[in-house]
Amino acid sequence: MDIQEELQTSVGYLRERGVGEVDIAIVLGTGLGGLVSEIEELMSFNYSQIPNIPVATVEFHFGKLIYGKLGGKRVLAWQGRFHYYEGYTMEQVVKPVRISKLLGAKALLISNAAGSLNPDMKKGALMCIEDHINLFPESPLRGRNMDDLGGRFPDMCEPYDVELGSALFRVARELDVSLYTGVYAGVPGPQLETRAEYRYLRTIGADAVGMSTVPEVIAAAHINMPCAAVSVITDECNPEHLAPFDIDEVLAIAKKSEPSLTRLFKGFIDRLPI
Ligand code: HPA
């Protein structure tokens with residue numbers, strides 16, 4: 001089966017079980033799955049039930065797809081993403097994006113946990129991603145182009161939709177949620193960065209660094225799906241005072257920031273003119 005057939009099989013399975021129109025798809029990052037409790041769930045699937053969907057292996061990812069209503073919109077929420085560092089191929093990493101689009105999603109909203117390289121952004125801060133730097137060793141678009149999905153050379157002038165970004169800031173102001181803006185560097189991981197690498201990332205213009213999102217956003221650009229992404233800053237990567245990475249602390253900070261992120265996403269979806 002080629003990738004397009006695989007995607008069609010997954011989409012067919014979800015349609016047969018009653019997944020209807022989708023206004024917006026949401027990919028939830030590490031420790032940030034709580035938004036789903038706000039969804040008026042119509043149906044949900046464990047990833048293992050859906051044909052051709054790999055099973056999320058990271059222990060703190062649930063691997064669940066929820067279809068339901070949020071803020072008057074029909075949402076498809078992917079609780080648990082596929083990270084490149086887990087050994088998934090890039091094609092597997094971006095499957096949620098492509099399936100969402102084939103199900104009719106008109107926009108994509110992404111969250112992730114990231115380390116801060118910008119001294120202004122402390123642990124717990126939220127950052128709207130305005131642009132990214134791709135440091136992954138391969139592209140999800142490498143290989144034969146899937147012409148039905150998009151062109152061979154998608155441009156990356158504006159991979160984060162300006163209108164969706166402005167809408168996020170409007171909602172943030174309205175709800176009194178503090179929101180930074182910045183550039184996200186996507187790295188393959190799973191090892192953290194050295195102090196020299198943090199200096200390098202800052203020098204090349206990154207405000208935050210993490211191990212996800214960039215492949216999904218490239219796939220969204222290919223398929224012409226407007227997207228917006230927010231990083232939750234879970235650690236500060238100051239090369240002069242670098243503390244050892246503590247995954248428990250990262251998860252604790254993600255959990256603490258989750259209510260603001262959830263409020264922001266919910267308010268955003270509520271006001272979305274889709
Ligand atoms: N690097 C540094 N800190 C992080 C990362 C990363 O990739 N992800 C979350 N915090």
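In each ligand, atom 1 is the first atom listed, and ligand 1 is the first ligand listed. Residue indices begin at 1 and follow the sequence shown.
- Among all non-hydrogen protein atoms, the one lying nearest atom 5 (C) of ligand 1 is V209 O, 3.5 Å.
- At the top of the distance list for atom 3 (N) of ligand 1, counting protein heavy atoms only, stands D235 OD2, 2.8 Å.
- The single protein non-hydrogen atom nearest to atom 8 (N) of ligand 1 is A113 O, 3.7 Å, given as residue, atom name and distance.
- Checking E130 against Y160 by side-chain atom types alone, no donor-acceptor pair falls below 3.5 Å.
- Here the heavy atom of the protein found nearest to atom 1 (N) of ligand 1 is E193 OE1, 2.8 Å.
- Ring to ring, F82 and Y47 are close: their centroids are under 6.0 angstrom apart.
- Contact annotation: the side chain of L102 approaches that of L149 to within less than 4.5 Å [non-hydrogen atoms, C-beta and beyond].
- The ligand atoms of ligand 1 that sit less than 4.0 angstrom from a heavy atom of T234 are 9 (C), 10 (N).
- Heavy atoms of Y85 found under 4.0 angstrom from ligand 1: none, in either backbone or side chain.
- Atoms of ligand 1 lying under 4.0 Å from any heavy atom of Y198, numbered from 1 in the order shown and given with element: 1 (N), 2 (C).
- The shortest distance between side-chain heavy atoms of K69 and I39 does not fall below 4.5 Å.
- The shortest side-chain heavy-atom distance between D207 and V183 falls under the 4.5 Å cut-off.
- Residue contact check for ligand 1: G189 places no non-hydrogen atom closer than 4.0 Å to it.
- Residues F136 and P215 are in side-chain contact: their nearest non-hydrogen atoms beyond the backbone lie under 4.5 Å apart.
- With a heavy-atom cut-off of 4.0 Å, L192 touches ligand 1 through its side chain alone.
- A side-chain donor from one of E41 and S44 sits under 3.5 Å from a side-chain acceptor of the other.
- For G115, a nitrogen or oxygen atom sits less than 3.5 Å from a nitrogen or oxygen atom of ligand 1, counting backbone and side chain alike.
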